[in-house]
There are 2 protein chains.
Amino acid sequence: MSYTYKDIISTLRRTGCKITPQRRQIIKVLQSSTSHLTPAEVFEKVNCNSSGTGMVTIYRTLEMLEKADLVCRFNLNNGHTGYLIRRPHQHHHHLLCNRCGLVIDLEDCHLEKLVKQVGADTGFTITEHSFELTGICPGCQQAENDARSSRVGIST
Amino acid sequence: MSYTYKDIISTLRRTGCKITPQRRQIIKVLQSSTSHLTPAEVFEKVNCNSSGTGMVTIYRTLEMLEKADLVCRFNLNNGHTGYLIRRPHQHHHHLLCNRCGLVIDLEDCHLEKLVKQVGADTGFTITEHSFELTGICPGCQQAENDARSSRVGIST
DNA sequence: TGCCAAATGAAAATGGTTTTCAATTATTAT
DNA sequence: ATAATAATTGAAAACCATTTTCATTTGGCA
């Protein structure tokens, strides 16, 4: 489960950040999304209710949230950056759907042994690792199958 | 082992690409580096012999090499892009040194089972995965230890 | 050798992100 | 509640990596 809106606000207060309407908005937008959002996407969603929040504020808020460890930041395949409300439990990996952007958390990291082994083999002190999977989620697979069968035109 | 200069040239010829002096230079620079290089780094190295190759050509050549599967492209942690001459054997992972940029190839991917398991658990069709490790290589660990002991000043 | 498509380079365009700076606002102390 | 103040905001400009444009040059084939 991800941090609740209240969690986030109180963590920010604790850090000495001011709680502005813009920040509230941005947090709500991030929270209501199951997939990662780029700064541009956050901007769009925040501004569809005509709140007039500037791009600059989006960037600054995302940066602040990242520093406070409340969101995690991805490097998307296309070189862009995505942000996702963080799940409280520490280290985990992500499974992304290529079609719809859905993100699944893989809570258990089964890689400790492998990482340790690589360290031993290479002499490196390994400080970080990332493991990202991408594919097509069940929903999008279904949608593609449906599209295919209607294209073939079983009954015409 | 990575592709040799000759391998690369002949692959390019086969693809119908022209072998220009600029391209030769760029390939040599990539080849002589054990770590990934950003376009800017390639530019710098290519131009230190005053060959006057433009940034544009660097970008275009790197793109061409990537399309020909002769280099691999990374998203660096800082958001920049790095390129590395490819090793012929297909799928593998990387171990990067945080200090000096050294890249070690991990030829064996031990993750097939885990990937398959995740697919089964989630219903995703998993098409790709990446596993990247970062840490400090033995050389840089040594250097740090040396620096530390001289700072402590064992004999002064 | 000459031709022509491909490659090059300079300059301009693009697009995401960051900085600057004056005006505004959330919080703290009064 | 109000005033003081330090943080936040937004507009515009700056930045920087990357891409596009277009006129010029060049590698490789006929």
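Lettering follows sequence order; numbering is per chain, from 1.
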- Looking at every strand, decide which applies to A:R23 at a 4.0 Å heavy-atom threshold: base, sugar-phosphate, or nothing. sugar-phosphate

- Identify whether any heavy atom of B:R13 sits under 4.0 Å from a base atom; if not, whether one sits that close to sugar-phosphate; answer base, sugar-phosphate or nothing. sugar-phosphate

- Side chain of B:R60: nearest nucleotide among D:dG10, D:dT18, C:dA10? C:dA10

- Message: I want to check one thing: is the phosphate of D:dT9, taken as OP1 and OP2, less than 4.0 Å away from some side-chain N or O of A:T20?
- Response: yes

- Message: Heavy atoms only, 4.0 Å cut-off, all strands: where does B:T38 land among base, sugar-phosphate and nothing?
- Response: nothing

- Task: With the side chain of A:I19 defined as its heavy atoms from C-beta on, choose the nearest nucleotide among C:dT27, C:dT8, C:dT20.
- Result: C:dT27

- Query: Picking from C:dA10, C:dT8, C:dA26, which would you name as closest to the side chain of B:T61?
  - Reply: C:dT8

- Query: Relative to the ring of B:H93, is the ring of B:H129 parallel (under 30°), tilted (30 to 60°) or perpendicular (over 60°)?
  - Reply: tilted

- Message: Whether the B:T125 and A:Q141 side chains hold a donor-acceptor pair (N or O, under 3.5 Å, no angle test) is what I'd like checked.
- Response: yes

- Item | B:Q22 vs A:P21, nearer the 5' end of DNA chain C by closest nucleotide | B:Q22

- Message: Side chain of B:K18 only, heavy atoms from C-beta on: which candidate in C:dA26, C:dG9, C:dA6 is closest?
- Response: C:dA6

- Reckon B:T81 has a side-chain N or O less than 4.0 Å from the OP1 or OP2 of D:dT18? yes

- Query: Is the shortest distance from a Lys or Arg side-chain nitrogen in A:E41 or A:K45 to a carboxylate oxygen in the other one below 4.0 Å?
  - Reply: no

- Query: C:dG16, C:dG9, D:dA11: which one has an atom nearest the side-chain heavy atoms of B:T53?
  - Reply: C:dG9

- Item | Nearest heavy atoms of B:C72 and B:H94, plus distance in Å | SG-CE1, 4.1 Å

- C:dT18 phosphate, OP1 or OP2, under 4.0 Å from A:Y59 side-chain N/O: no

